[in-house]
2 protein chains.
Amino acid sequence: MEVKAQMEISDAEWEVMRVIWTLGSATSHTVIEALSEKMGWKAATTKTLLGRLMKKGALTAKKNGRAFTYFPEIPEQEAMDVATISLFDHLCQMRAGATLTALADHVSLSQTDIANLQKLLTEKAKTAPEKVSCNCLPDDCHCQ
Amino acid sequence: MEVKAQMEISDAEWEVMRVIWTLGSATSHTVIEALSEKMGWKAATTKTLLGRLMKKGALTAKKNGRAFTYFPEIPEQEAMDVATISLFDHLCQMRAGATLTALADHVSLSQTDIANLQKLLTEKAKTAPEKVSCNCLPDDCHCQ
DNA sequence: TAAGTAAGTTTACGTCTGTAATTTAAAAGT
DNA sequence: ACTTTTAAATTACAGACGTAAACTTACTTA
């Protein structure tokens with residue numbers, strides 16, 4: 001048995017995971033219900049996604065009479081951190097700060113979120129550089 | 001002619017865009033060179049991606065002798081903002097704050113980035129709620 | 001002018017995704 | 001026990017993606 005270094009979860013699969021994460025665990029019936037309402041999906045669609053997530057190792061299932069109850073194999077926060085960090089790692093690092101600011105402006109943040117962020121930023125400011133360089137071209141690119 | 005509300009740019013296509021954004025504009029030769037070095041891609045791969053980006057309207061080209069010079073149709077910062085915001089919009093909004101903090105911890109931020117973020121946070125703190133609620137289940141879900 | 005080279009275009013091909021219908025199997029009701 | 005329901009597994013299928021070879025066309029160079 002091996003731990004998946006990083007598993008790719010597609011957009012549609014995320015919706016399934018979110019339901020299960022929020023409820024802790026769920027039967028296919030519950031997930032089908034929720035996504036039929038939230039996304040307008042047919043039962044078969046949700047079943048396919050549950051199957052793919054099992055195959056990827058993102059979910060496990062315990063038999064419960066006729067049906068299965070599905071459990072997440074990774075915590076939601078960790079999955080979110082990995083997804084967003086790996087997106088940022090593929091974009092221009094020089095612009096990460098501006099992008100983060102646009103994000104912070106867009107999302108809803110609680111007082112606690114803001115306090116935590118502020119503390120972190122104060123800490124980072126102690127060693128932050130004056131400028132972050134662009135990493136979009138190969139290191140020894142003549143064209144830059 | 002119509003402006004694309006939002007165009008999807010794939011991971012591989014992002015690499016092409018980054019080169020062109022960084023240089024302002026570039027010939028296919030330049031892009032091929034850069035990505036051969038940075039990504040190990042064959043010329044044909046980069047050519048395919050340039051073609052797909054033209055078709056999507058992410059790039060335009062001006063003929064220049066035998067070759068074309070490619071220009072980005074959208075600014076890099078805008079593309080980054082859209083990409084990251086639309087990712088966040090598909091994840092649990094209750095956890096966006098923690099995720100943003102993980103991101104802020106991970107990326108390199110300049111002094112200016114930090115100052116801008118801090119100013120924004122101070123402003124947001126004035127009206128921020130005590131708690132942000134989860135939006136992973138349909139509004140009227142009985143299971144919650 | 002013929003040959004070589006480089007740019008762009010077309011075709012390829014397996015995998016992943018979104019979206020689902022169909023089939024199989026098991027449980028529950030009559 | 002037979003039928004109806006429902007869960008799970010199998011099959012489907014078009015479009016996007018990563019990755020590239022092959023073909024075509026137009027300069028450049030001998």
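Within every chain, numbering begins at 1; the chains are lettered A, B, ... in the order of the sequence lines, protein sequences first and strands thereafter. Since we're looking at a predicted model, the values are computed, not measured.
Residue contacts for Ser10(B): at a heavy-atom cut-off of 4.0 Å it reaches the sugar-phosphate backbone alone, with no base atom in range.
Applying a 4.0 Å cut-off to non-hydrogen atoms, the residues of residues 11-18 of chain A that approach DNA chain C are Asp11(A), Ala12(A), listed by residue number.
Within the 4.5 Å cutoff, the side chain of Glu15(B) has heavy atoms near those of the Leu35(B) side chain.
Rounded to a whole Å, the NZ atom of Lys42(A) is 17 Å from the P atom of dA7(D). Rounded to whole angstrom, the span from the CG atom of Leu35(A) across to the P atom of dG18(C) amounts to 13 Å. A straight line from CE of Met39(B) to P of dT19(D) spans 7 Å, rounded to a whole angstrom.
A donor and an acceptor atom sit less than 3.5 Å apart, one in the side chain of Arg52(B) and one in the base of dT19(D).
At a threshold of 4.5 Å between side-chain heavy atoms, the hydrophobic network of Ile, Leu, Val, Met, Phe, Trp and Tyr places Trp21(B) and Ile32(B) in two separate groups.
Applying the 4.0 Å criterion to OP1 and OP2 of dC17(D), one finds that Lys56(B) has a side-chain N or O inside that range. Phosphate proximity of dA20(D) to Thr45(B): present, with a side-chain N or O under 4.0 Å from OP1 or OP2. In this model, the phosphate group of dA20(D) is not approached by any side-chain N or O of Trp41(B) to a distance below 4.0 Å at OP1 or OP2.
We find that Glu13(A) and Lys56(A) are joined by a salt bridge, their nearest charged nitrogen and carboxylate oxygen being less than 4.0 Å apart.
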Can you check nucleotides 8-11 of chain D for protein contacts, nitrogen or oxygen pairs under 3.5 Å, and list what you find?
unit_1	atom_1	unit_2	atom_2	d
dA8(D)	OP1	Phe68(A)	N	2.6
dA8(D)	OP2	Ser28(A)	OG	2.5
dA8(D)	N7	Lys47(A)	NZ	2.9

